[in-house]
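Contents: one structure, followed by commentary.
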Amino acid sequence: MTNNLPKECPCGSGKKYTNCCGIVHNDIKNAISPEQLMRARYTAFCLHNIDFLYNTYHPSIRSYQSKNAIRDWALENKWVKLEIIDNSKSDVEFKAYYLDTNHSLNIHHEKSFFKQSRESWYYLKGIVK
Ligand SMILES: [Zn+2]
């Protein structure tokens, strides 16, 4: 994780990082809804917190994930902003705006599905829109 923590949370909540996704980065159990975990995962991409991204995959699928692939995706793009489109009890639809290696603006539009395990929320899968 970078040492230059932003004052304002990258997820766009308008709160300070330490009062928003920082709480979830300290302990995943602090995410009390899929949206909170989703925001914390987006912010983890911004801050290159690869361990958090890996650890918030649901235990049933975590071993299929590659930390290197997560790291590449996080580092090669510049994350601009997050827009939450819709959410429900177990899924969140969002748009993540980012600049790719050519500095072109892209939108990653996804519906993410989350599942609880031992009272914590985890990322299960996403459908790219
Ligand atoms: Zn946040």
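Just so you know, ligand 1 is whichever comes first in the structure, and atom 1 is the first atom listed for that ligand.
- Checking side-chain atoms of D27 against main-chain N and O of I23 turns up no donor-acceptor pair under 3.5 Å.
- Ring geometry for F45 versus W79: interplanar angle of 30 to 60°, hence tilted.
- In terms of heavy atoms, K81 sits closest to Y42 at N-OH, 3.0 Å.
- Atom NZ of K78 sits in a sparse spot, with 12 or fewer heavy atoms from other residues, nucleotides or ligands closer than 6.0 Å.
- Listed by chain and number, C9 SG, C11 SG, C20 SG, C21 SG are the protein N/O/S atoms closer than 2.8 Å to the Zn ion (ligand 1), with waters left out.
- Ring-centre distance between H58 and F114: not below the 6.0 Å cut-off.
- Among pairs with a residue in residues 115-129, those fulfilling side-chain hydrogen bond (donor to acceptor under 3.5 Å, both in side chains) read E110-Y123, at least two apart in sequence or across chains.
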